[in-house]
Amino acid sequence: MTGPSPEPVTPFSRRSFVAAGLAVPLVLAGCTVPAPQPTPSATPWRTPAPRHEMGAAYQASDGFIYAPDGSLFTPIGANVGTTSSFDWKGDAQGHSAAALAWGWNTVRLNILVTAGHSYSYVAQLGQQQLLTLVQKIVDEYTRAGIVVIIDAHDDPRAEKMDEATIEAGMVAWWKLAGAAFKDNPMVWYGLINEPDYINGDWVTVMDTLAGAVRGTGAKGPILVGAPCWGQDVGHTSPYFTDAGFAYEPTMAPEIAKRYGNVILEQHNYGAYGLYSTPEKFGAYIETVRNAGLTPLVGEFGYTVSKDKSPDVYDANYESAQTVFQIAAQRSVGALWWHATHGDNYSLTASGAAFSSSTDGAGLSDGGSKLWQLGHRQ
């Protein structure tokens, strides 16, 4: 018998903390260090090849993603939870048909893969039982034609965590999961959510986790979360003054060179305004692609209403509109936060899980726009 996941107020994501809670006062205080940002260019943006060589796995190539049949594949969908993980308003299990009704081709399954938190599935039942649970979801969704990104939401550097123990638990998980799913091309590997690492430490942990996956023979896409808590906001004060960007040669390009088929996952909540407009975010996407990487927005979104945190809402909203635009224009994958969690970043006006609406009715503002993105012609 598993216990409940924590209430939605638990600060798993830094979407509020970085997006507005720090950016606004720091700017007013004159404390923000200007970050060297990608420069918008008048030259046309990179366009994908119409087809790629066919293969056994989805492939990240020249800045884009291609399905095994060689066709262009742009992930569209949302983050979802399951038992004891981001399931406050619902569970991904049993709702693949609803995901298809939304027009999704991808879900990012948020799970805790170690025993670091007492309420986690692993703490209560162990990694083998978690694998059994994940297998059920993977079987259901991939049989429906939906890619499942298994996302490890553990934070080895969180308060009261033993970093070495959590990292070792994550390595054990990726060895287990890689071996279990290596023959399923529709399973992708999200190594670590919003990593609390920068520079050399970031490279080390990504190398360790990617090595665990590839060591099983799994060839599917590996997602490396951008540094600076997934936001990729290098050279910003006070937290990331010394941090580099993921696209710098010694960072994600090095991991891609070592392991192949690597996707750079960035979370766009409007942090410091670096990627809040189509011009800024479009320049970032091109910089990532020019570095030989393939970008994907693993999280973006805004709350149903702005009354509780207007500054956070405005930052989240502006960047989300940018993601909607860039995703459609430039074939960039985009996954909404969140479809089942219940932290007010809901796809429905009532705050219910995504599966409560399968006809486009009763949606939040963000839900309506994701519905449109999923059904674009």
Side-chain angles (χ1 to χ4, degrees), residues 12 14 57 60 85 108-117 120-123 126-128 130-131 134 149-182 187-232 234 240 242-267 291-296 298:
F12 280 107
R14 283 82 172 185
S85 294
R108 181 173 179 251
L109 178 62
N110 311 136
I111 54 174
L112 296 169
V113 304
T114 75
H117 293 282
S120 74
Y121 205 86
V122 173
Q127 283 188 339
Q128 190 61 54
L130 176 63
L131 182 66
V134 171
I149 301 171
I150 301 174
D151 160 56
H153 234 73
D154 304 72
D155 182 358
R157 291 186 169 178
E159 186 178 359
K160 298 181 180 180
M161 294 292 161
D162 182 87
E163 183 174 348
T165 298
I166 301 303
E167 286 185 3
M170 297 182 79
V171 169
W173 166 256
W174 286 123
K175 288 180 178 179
L176 196 65
F181 299 117
K182 64 182 180 181
V187 175
W188 301 1
Y189 308 93
L191 300 181
I192 180 171
N193 177 67
E194 296 187 346
D196 191 9
Y197 302 81
I198 62 172
N199 304 336
D201 288 347
W202 183 91
V203 173
T204 297
V205 75
M206 292 302 169
D207 183 61
T208 298
L209 299 178
V213 173
R214 288 288 185 253
T216 67
K219 301 183 184 302
I222 286 175
L223 281 74
V224 295
C228 307
W229 299 333
Q231 320 291 312
D232 216 3
F240 306 120
D242 298 324
F245 290 96
Y247 52 74
E248 294 178 10
T250 59
M251 296 287 284
E254 183 62 29
I255 299 299
K257 186 187 306 180
R258 293 177 191 176
Y259 296 103
N261 207 10
V262 168
I263 294 170
L264 175 61
E265 179 189 324
Q266 191 262 355
H267 296 178
L293 299 168
T294 298
L296 179 145

Among all residues two or more places apart in sequence or in another chain, which pass the side chain to side chain contact (heavy atoms under 4.5 Å, CB included) test with [X]?
| X | result |
| --- | --- |
| A123 | A115, S120 |
| Q128 | L131, L176 |
| A152 | V113, D154, M170, W174 |

For [Y], does its backbone N or O pair with a side-chain atom of [X] as donor and acceptor, under 3.5 Å?
| X | Y | answer |
| --- | --- | --- |
| W202 | G225 | yes |
| N199 | G244 | yes |
| Q266 | Q231 | yes |

Quick one, L264 with L296, criterion side-chain contact (heavy atoms from CB on, under 4.5 Å). Give me CA distance, side-chain angles, the key distance, then yes/no. CA-CA 6 Å; L264 175 61; L296 179 145; over 6 Å; no
Taking every non-hydrogen atom, the tightest pair across [X] and [Y]:
| X | Y | result |
| --- | --- | --- |
| V262 | A256 | CG2-CA, 3.8 Å |
| L191 | A210 | CD1-N, 3.7 Å |
| A246 | P253 | O-CD, 3.4 Å |
| G220 | N261 | C-ND2, 3.6 Å |
| P156 | M161 | O-CB, 3.6 Å |
| I166 | G116 | CD1-CA, 3.7 Å |

Out of curiosity, [X] [atom1] to [Y] [atom2], how far, rounded to the nearest 0.5 Å?
| X | Y | atom1 | atom2 | result |
| --- | --- | --- | --- | --- |
| S85 | D151 | OG | CG | 9.5 Å |
| W229 | F240 | CH2 | CZ | 4.5 Å |
| T114 | W173 | OG1 | CH2 | 11.5 Å |
| H117 | K160 | NE2 | NZ | 11.0 Å |
| W188 | L109 | CH2 | CG | 14.5 Å |

Any residue meeting side-chain hydrogen bond (donor to acceptor under 3.5 Å, both in side chains) with [X], in chain and number order, not counting sequence neighbours:
| X | result |
| --- | --- |
| D232 | Y284 |
| Q127 | none |
| E254 | R258 |

Any chance you could lay out the side-chain contact (heavy atoms from CB on, under 4.5 Å) test for M206 and I192, step after step, and finish with the verdict? CA-CA 8 Å; M206 292 302 169; I192 180 171; 3.4 Å; yes
Check: Y259/D207 side-chain N/O donor and acceptor closer than 3.5 Å: yes
Verdict with reasoning, L112 to V122, per side-chain contact (heavy atoms from CB on, under 4.5 Å): CA-CA 7 Å; L112 296 169; V122 173; over 6 Å; no
If a pair satisfies salt bridge (charged side-chain N to carboxylate O under 4.0 Å, His left out) and one of its residues is in residues 161-176, list it, with sequence neighbours excluded. R157-E163
Chi angles and distances behind the side-chain contact (heavy atoms from CB on, under 4.5 Å) call for I255, V203: CA-CA 7 Å; I255 299 299; V203 173; 4.1 Å; yes
Return each pair, listed once, that meets side chain to side chain donor-acceptor pair (under 3.5 Å) where at least one residue sits in residues 208-225; pairs must be two or more places apart or across chains.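 Every pair satisfying side chain to side chain donor-acceptor pair (under 3.5 Å) with a residue in residues 208-225: there are none.
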Side-chain touch I149/L223, heavy atoms, less than 4.5 angstrom: yes
